[in-house]
Structure formats: C-alpha cells, structure tokens
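Step one of this worksheet: look at the structure below.
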Amino acid sequence: MISASSMSVLLVDDQTSIRSILRNTLAQIGFVQIAGVRNGVEALEHLKSNSVHLIISDFNMPDMDGLELLKAVRSNARTAKTGFIMLTGQASKELVQQAIAEGVNNFLAKPFTASSLKSRIEAVFGPISGA
C-alpha cells in the first residue's frame, strides 16, 4: 500500500476554485505534497524542476489544454510514466478517445467526491493509505 503523504501531485486547472477544491479533497485523503498551476504551459514549466507522481488536469484551459499537456508529458522520457488523471466536465466522446489514445490513466468527472477522487487515484496506483 502506498502512502498518500509520500506522493506528490500537480493540479492543472485554470479555475482557482477547482484547484482549491481538489487541493482540499486531496488533503482529506492524506496528500500533503500538492502544487497547482493554471494551464499546460505552467505545468510543463513546473515539471522541468519538479518530479511528481500524479498530474490531475482539466481538459479545457487557455494557452495549452489538458490533451496537449498529456501529449507533452507522455513524449518526455522523464515524465512519460507519470500518473495522469483528466478532469472532465462535458468532454466529447472524441476528446475522451484522444486522451485514451495518448495514454491517460483515468478520468474524473466534475463534480466529484473525495471517494470518487480516491478511487480514481487507486485505479492508477493501487491502494493508498492516508487520512
């Protein structure tokens, strides 16, 4: 079993409120190493100097969307194996299929609960312990 407190997470969403909700929900589960950025460009900048175990990213963002971020993460040898969960509001079937083709690990529908978030993370990493 993996300890949530030993894992680092990068939240990527242009809405401050969604990042805040995600951060608080992850903290409830037991995560403590949580960073947040507004879009894919900022995420790639963060990843240049920080390793993370998991990226949770929205689909729709300015400058670089979640799908482009996923492609960039998967094409970089250093980040290719990073867990990646895509947040979906009303993503089209085509976008979901593209994300699957690019190697997304899981999806999380908005709105979400602590339980649904934890189950999506566990589907990627196996059981996690935490709060």
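Scope of the values below: all heavy atoms of this structure, side chains included, with no hydrogens, waters or symmetry mates.
- Side-chain atoms of Arg19 never come within 3.5 Å of backbone atoms of Gly36 as a donor-acceptor pair (strictly under, hydrogens ignored).
- With contacts defined as side-chain heavy-atom distances shorter than 4.5 Å, the pair Leu87/Ile56 qualifies.
- Residues Leu67 and Leu95 meet the side-chain proximity criterion, which asks for heavy atoms closer than 4.5 Å.
- Qualifying side-chain contact (heavy atoms from CB on, under 4.5 Å) partners for Asn24, counting only residues two or more places apart in sequence or in other chains: Ser20.
- In this structure, the side chain of His53 does not engage the main chain of Met7 through any donor-acceptor pair within 3.5 Å.
- Under the 3.5 Å distance criterion, the side-chain polar atoms of Arg23 are matched with a main-chain donor or acceptor of Ile34.
- In this structure, OG in Ser51 is found 11.5 Å from CG in Leu10, a value given to the nearest 0.5 Å.
- Atom CD of Gln98 and atom CD of Glu68 lie 9.0 Å apart (nearest 0.5 Å).
- A donor-acceptor contact shorter than 3.5 Å is absent between the side chain of Ser3 and the backbone of Ile128.
- Side-chain contact check for Phe84 versus Asn106: every heavy-atom pair is 4.5 Å or farther apart.
- In this structure Glu42 satisfies the side-chain hydrogen bond (donor to acceptor under 3.5 Å, both in side chains) test together with Arg38, sequence neighbours excluded.
- Among the candidates Ile55, Val52, Leu26, the single residue satisfying the side-chain contact (heavy atoms from CB on, under 4.5 Å) test with Leu11 is Leu26.
- Atom CG of Asn39 and atom CG of Leu44 lie 9.0 Å apart (nearest 0.5 Å).
- Residues Phe125 and Gly83 come closest through the heavy atom pair CZ-CA, 4.1 Å.
- Summarising the geometry, atom OG belonging to Ser57 is positioned 7.5 Å from atom CG belonging to Asp13; distances are rounded to the nearest 0.5 Å.
- Of all non-hydrogen atoms in Met1 and Ser129, the two that sit nearest each other are SD-CB, 3.4 Å.
- Remark: the backbone N or O of Ser5 is paired with a side-chain donor or acceptor of Gln33 at under 3.5 angstrom.
- Listed by chain and number, the residues in a side-chain hydrogen bond (donor to acceptor under 3.5 Å, both in side chains) with Ser116 are Thr113 (sequence neighbours excluded).
- Salt bridge status for Asp58 with Lys110: present, with a side-chain N to carboxylate O gap under 4.0 Å.
- Here the CD1-CG distance, from Ile121 to Leu117, works out to 4.0 Å after rounding to the nearest 0.5 Å.
- You'll find the side chain of Pro62 reaches within 4.5 Å of the side chain of Asp14, heavy atoms only.
- Side-chain contact between Val12 and Val37 is present, with heavy atoms from C-beta onward closer than 4.5 Å.
- Rounding to the nearest 0.5 angstrom, the gap separating the CD atom in Glu102 from the NZ atom in Lys71 is 5.0 Å.
- Proximity of Met86 to Leu70: side-chain heavy atoms (C-beta onward) are separated by under 4.5 Å at one or more points.
- The shortest side-chain heavy-atom distance between Thr82 and Leu54 does not fall under the 4.5 Å cut-off.
- Side-chain contact between Arg120 and Phe107 is absent, with no heavy-atom pair separated by less than 4.5 Å.
- Judged by distance alone, the side chain of Asn105 and the main-chain N or O of Val124 form no donor-acceptor pair under 3.5 Å.
- Residue Phe112 comes nearest to Leu22 through the heavy atom pair CZ-CD2, 3.4 Å, listed as atom of the first residue, atom of the second, then distance.
- Nearest heavy-atom pair, Thr88 versus Phe59, reported as atom, atom and distance to 0.1 Å: CG2-CE1, 3.4 Å.
- Scanning all heavy atoms of the two residues, the minimum distance from His46 to Ala35 falls at CE1-CB, 3.6 Å.
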